[in-house]
*Asks:* 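Next up is a structure, given as structure tokens.
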Amino acid sequence: MNLKKTISLFLGVILIFVLSAGCGGKKASEPPAEDPPPAQESREAAEGAAALGSLASFSAGTLDGGAFTQEDVAAKDVTVFNFWALTCPPCIAEMPDIAAFEKALPDNVAVVTVCLDGYGNEDSVREVLEDAGFEGVTLISGEGDLLDLAGNLMYTPTTVLADSGGTLVGEAIIGGQADLAGVYLDAVNQALEAGGKDAVSLEDA
């Protein structure tokens, strides 16, 4: 992944969050083109989180300097992606709950956080995650479907769930959650059951 592609996630997305009021919203949508491209038509026809895109083909850089792709998603029955930003206080406030949820999950379910303004701010990202106790994977750059999905988000935090094929399932979870573990676990089990998998419980519950 060259440098231009590595930082492309933030060239196209960071303004949505830095220039918006609070943690939500992006610029007013422009009138649709008379003939939207097929990908846009597919999104408009999709329901729930799938309307935001998919994660069937992408590559991303992790906070620890590694790589994360759709192959990592394929290794799990369900992967929970939490999109957040350093400029979003509710995102940071819920990170300890996300950390606890991630640690309590069985091996077939993963939690990945995506820090939309993390590239170039790695030390700040590490500080937030260390304070929260999050030990899972955090993405700070990306391309392909991940870039497209990030560009379609309107608020942070936003959490989506992907099955092993990278298809987004269920509804997007938008905003902070008072009962994060309960909301996330319900969403995970709905996604598992939709894929013919057994429901799971939290190991420390």
*Asks:* Among residues two or more places apart or on two chains, list those pairs meeting ring-ring contact (aromatic ring centres under 6.0 Å, His included) that have a residue in residues 48-81.
*Replies:* none
*Asks:* Is there a donor-acceptor pair closer than 3.5 Å between any side-chain N or O of Asp117 and the backbone N or O of Leu86?
*Replies:* yes
*Asks:* Val125 and Cys115: which non-hydrogen atoms are nearest, and at how many Å?
*Replies:* CG2-SG, 3.7 Å
*Asks:* Step by step, work out the side chain to side chain contact (heavy atoms under 4.5 Å, CB included) result for Val188 and Val80.
*Replies:* CA-CA 8 Å; Val188 165; Val80 179; 3.8 Å; yes
*Asks:* How would you list, by chain and number, every residue that makes a side chain to side chain contact (heavy atoms under 4.5 Å, CB included) with Ala67, sequence neighbours excluded?
*Replies:* none
*Asks:* Does anything in residues 132-153 pair up under ring-ring contact (aromatic ring centres under 6.0 Å, His included), and if so which pairs, sequence neighbours excluded?
*Replies:* none
*Asks:* List the residues meeting side chain to side chain contact (heavy atoms under 4.5 Å, CB included) with Ile174, not counting sequence neighbours, and say none if there are none.
*Replies:* Tyr155, Thr158, Ala172
*Asks:* Any chance the side chains of Ser57 and Asp145 put a donor and an acceptor closer than 3.5 Å?
*Replies:* no
*Asks:* Ala199: which residues meet the side chain to side chain contact (heavy atoms under 4.5 Å, CB included) condition with it, sequence neighbours left out?
*Replies:* Asn189, Glu193
*Asks:* Can you pull the salt bridge (Lys or Arg N to Asp or Glu O under 4.0 Å) pairs that have at least one residue in residues 85-108, sequence neighbours excluded?
*Replies:* Lys103-Glu135
*Asks:* So do Phe83 and Val112 actually touch side chain to side chain, heavy atoms under 4.5 Å?
*Replies:* no
*Asks:* With sequence neighbours excluded, give me every side chain to side chain donor-acceptor pair (under 3.5 Å) pair touching residues 172-184.
*Replies:* Thr159-Tyr184
*Asks:* Which pairs would a plain distance check flag for residues 162-171, meaning a side-chain donor or acceptor within less than 3.5 Å of a matching protein atom at least two apart in sequence or in another chain?
*Replies:*
from: Asp163; atom 1: OD1; to: Gly165; atom 2: N; distance (Å): 2.9
from: Asp163; atom 1: OD1; to: Gly166; atom 2: N; distance (Å): 3.1
from: Asp163; atom 1: OD1; to: Thr167; atom 2: N; distance (Å): 3.0

*Asks:* Which atom names give the shortest non-hydrogen contact between Trp84 and Cys91, and what distance separates them?
*Replies:* CB-CB, 3.6 Å
*Asks:* What is the distance from atom CD1 of Ile98 to atom CD1 of Ile92, rounded to the nearest 0.5 Å?
*Replies:* 11.0 Å
*Asks:* Keeping to residues at least two apart or across chains, list the salt bridge (Lys or Arg N to Asp or Glu O under 4.0 Å) pairs with something in residues 120-130.
*Replies:* Asp123-Arg126
*Asks:* Do Thr113 and Leu139 touch side chain to side chain, with heavy atoms closer than 4.5 Å?
*Replies:* no
*Asks:* Taking the side chain as C-beta and beyond, is there a heavy-atom pair between Pro157 and Asn82 under 4.5 Å?
*Replies:* yes
*Asks:* Please list all pairs meeting side chain to side chain donor-acceptor pair (under 3.5 Å) that have one or both residues in residues 63-81, counting only residues at least two apart or in different chains.
*Replies:* Thr62-Asp64, Asp77-Asn108
*Asks:* What are the two closest heavy atoms between Leu161 and Ala191, and how far apart are they?
*Replies:* CD2-CB, 4.3 Å
*Asks:* Are any non-hydrogen side-chain atoms of Asp198 and Leu192 less than 4.5 angstrom apart?
*Replies:* no
*Asks:* Would you call Val200 and Leu185 a side-chain contact if the rule is heavy atoms closer than 4.5 Å?
*Replies:* yes
*Asks:* What's the shortest heavy-atom distance between Ala93 and Pro96, and which atoms?
*Replies:* O-CD, 3.4 Å
*Asks:* Taking all heavy atoms of Ile173 and all of Ala187, pick out the closest pair and write down the distance.
*Replies:* CD1-CB, 4.1 Å
*Asks:* Grab the two heavy atoms, one from Ala49 and one from Val160, that are nearest each other, plus how far apart they are.
*Replies:* CB-CG1, 4.2 Å
